[in-house]
Peer 1: 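Can you read through this structure? Questions will come right after.
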Amino acid sequence: MRAEKSTSWHIGVLGGSGLAAGIGLEEAQEIEVASPFGAPSAPVVTGRLGGVRFTFLARHGKGHAIAPGEVNYRANIDVLKRCGATDVLALSAIGSLCEAMAPGDMVLVDQFIDRTTARTGSFFGSGLVAHVSLADPTCERLRTLLGKAAGQTGARVHPSGTYVCIEGPQFSTRAESRMYQGWGGEVIGMTGMPEARLAREAELPYAMLGMVTDYDCWRVEEAGVEVSHVLAVMQANAEVARAALRELAARLPRKRTPAPADTALDHALITAPEARDSALVRKLDAVACRLFGERD
Ligand SMILES: CSC[C@H]1O[C@H](OP(=O)(O)O)[C@H](O)[C@@H]1O
Ligand SMILES: Nc1ncnc2[nH]cnc12
């Protein structure tokens, strides 16, 4: 079995709407990385911020050509792991379902309600069944560090928030928006799931910095959200997101210590060794490298 993760941080960043241009990495190199789960959204860009390695992947591809329901979430997480990412940070445009979270605010999403219907949500399946815990789908350590870093940019930062992930690509109806509020949803988007669940299966601690772009459509006196609102706010906010990442790089402890998600697969596999599908096991050489990777 491979050793534990390196004590050096390597942050994989999934950049969403308004962030396809990247995060301003130093010594940036674009690399095409193949995945057994198909084509990722784009080549990755790997480089540094301060002394810390970051690898960036544009979630919707170059020129935002990939719809939220068509993103190959498995390939994206797989290639970040293959590149050596120790942790994953998602940058996302989000609508607000509550008065307190206003356009321009940042939200450290900590919980998800998954309303998606047509996405492949697991690396595992018949021939290798696994059930990871998703009770706490985000990494508290990364979220806290990111919250402090985002606070330094002058933006208003909410330390937690429950994100409702809809299938899209349409925005919600007013009745749905009010229903999500009743469920305890505080923000809404189209990409956090299955991204967060796949990161957990790949033993990658995951945090999401959500940038509020609109009030969705629950405010009866206002017109519903339109994509032009989202992009206008994201264009204004992209530099704030980049500044938050530079702050994060400066604040990461010098050595990375293990996080709970690093061992998410320890008690998750239920299929007996003799009943395992060897082709599926081979596909998991990066995702489950601790269990199935090359032996040293
Ligand atoms: C451009 S509006 C809707 C679009 O924006 C968000 O994307 P991302 O999370 O990648 O920033 C939302 O989830 C939708 O995909
Ligand atoms: N209101 C909204 N609904 C879904 N996804 C979004 N992304 C940004 N705003 C959104």
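First listed ligand is number 1; within each ligand, the first listed atom is number 1. Just so you know, residue 1 is the first one in the sequence shown, and it goes up from there.
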Peer 1: Give the atoms of ligand 1, by number and element, whose distance to some non-hydrogen atom of Pro68 is under 4.0 Å.
Peer 2: 15 (O)

Peer 1: For residues 103-111, dump all side-chain donor-acceptor pairs below 3.5 Å to protein atoms at least two apart in sequence or in another chain.
Peer 2:
| unit_1 | atom_1 | unit_2 | atom_2 | d |
| --- | --- | --- | --- | --- |
| Asp105 | OD1 | Arg156 | NE | 3.4 |
| Asp105 | OD2 | Ala102 | N | 3.0 |
| Asp105 | OD2 | Arg156 | NE | 3.4 |
| Asp105 | OD2 | Arg156 | NH2 | 3.1 |
| Asp105 | OD2 | His158 | NE2 | 2.8 |
| Asp110 | OD1 | Gly161 | N | 3.0 |
| Gln111 | NE2 | Ala135 | O | 3.0 |

Peer 1: If the cut-off is 4.0 Å to any non-hydrogen atom of Arg59, which atoms of ligand 1 fall inside it?
Peer 2: 8 (P), 9 (O), 10 (O), 11 (O)

Peer 1: Decide yes or no for Arg115 and Met190: does some side-chain heavy atom of the first lie under 4.5 Å from some side-chain heavy atom of the second?
Peer 2: no

Peer 1: Under the rule for ring-ring contact (aromatic ring centres under 6.0 Å, His included), what residues qualify as partners of His131, not counting sequence neighbours?
Peer 2: none

Peer 1: So which heavy atom in the protein is nearest atom 9 (O) of ligand 1, and how far is it from that ligand atom?
Peer 2: Thr191 OG1, 2.6 Å

Peer 1: Pairs under 3.5 angstrom only: tabulate donor-acceptor contacts from the side chains of residues 220-230 to other protein residues two or more places apart or in another chain.
Peer 2:
| unit_1 | atom_1 | unit_2 | atom_2 | d |
| --- | --- | --- | --- | --- |
| Glu222 | OE2 | Arg219 | NH1 | 2.7 |
| His229 | ND1 | Glu226 | N | 3.2 |

Peer 1: Below 4.0 angstrom from a heavy atom of Gly189, which ligand 1 atoms are there? Numbered from 1 as shown, please.
Peer 2: 13 (O)

Peer 1: Which pair of heavy atoms, one from Arg59 and one from Ser41, lies closest together, and at what distance?
Peer 2: O-OG, 2.7 Å

Peer 1: Using a 4.0 Å heavy-atom cut-off, say whether Met190 meets ligand 1 through its side chain, its backbone, both or neither.
Peer 2: both

Peer 1: List ligand 1 atoms under 4.0 Å from Val227, heavy atoms only on the residue side.
Peer 2: 1 (C), 2 (S)

Peer 1: Side-chain contact, heavy-atom cut-off 4.5 Å: Lys148 with Arg251?
Peer 2: yes

Peer 1: For ligand 1, note which part of Ser17 has a heavy atom under 4.0 Å away: side chain, backbone, both or neither.
Peer 2: both

Peer 1: Output yes when the distance from some N or O of ligand 1 to some N or O of Ala93 is under 3.5 Å, and no in every other case.
Peer 2: yes

Peer 1: Is there a polar contact, in the sense of an N or O pair closer than 3.5 Å, between His64 and ligand 1?
Peer 2: no

Peer 1: Salt bridge check: are Glu140 and Arg143 linked by an N-O gap of less than 4.0 Å?
Peer 2: no

Peer 1: Within the 4.0 Å heavy-atom shell around His60, which atoms of ligand 1 are there?
Peer 2: 7 (O), 8 (P), 10 (O), 15 (O)

Peer 1: Centre of Trp9's six-membered ring, under 6.0 Å away, within 45 degrees of the axis: is that where NZ or CZ of Arg256 sits?
Peer 2: yes

Peer 1: Are the side chain of Arg174 and the backbone of Cys217 linked by a donor-acceptor contact shorter than 3.5 Å?
Peer 2: yes

Peer 1: Any side-chain heavy atom of Ile166 within less than 4.5 Å of one from Ser172?
Peer 2: yes

Peer 1: For the side chain to side chain contact (heavy atoms under 4.5 Å, CB included) test, which of Ile77, Leu134, Val88 pairs with Arg200?
Peer 2: Leu134

Peer 1: Using a cut-off of under 3.5 Å, which N/O atoms of ligand 2 pair up with protein N/O atoms, and what distance separates each pair?
Peer 2:
| unit_1 | atom_1 | unit_2 | atom_2 | d |
| --- | --- | --- | --- | --- |
| ligand 2 | 1 (N) | Asp214 | OD2 | 2.9 |
| ligand 2 | 1 (N) | Asp216 | OD1 | 2.8 |
| ligand 2 | 7 (N) | Ala93 | O | 3.4 |
| ligand 2 | 9 (N) | Gly95 | N | 3.2 |
| ligand 2 | 9 (N) | Asp214 | OD1 | 2.7 |

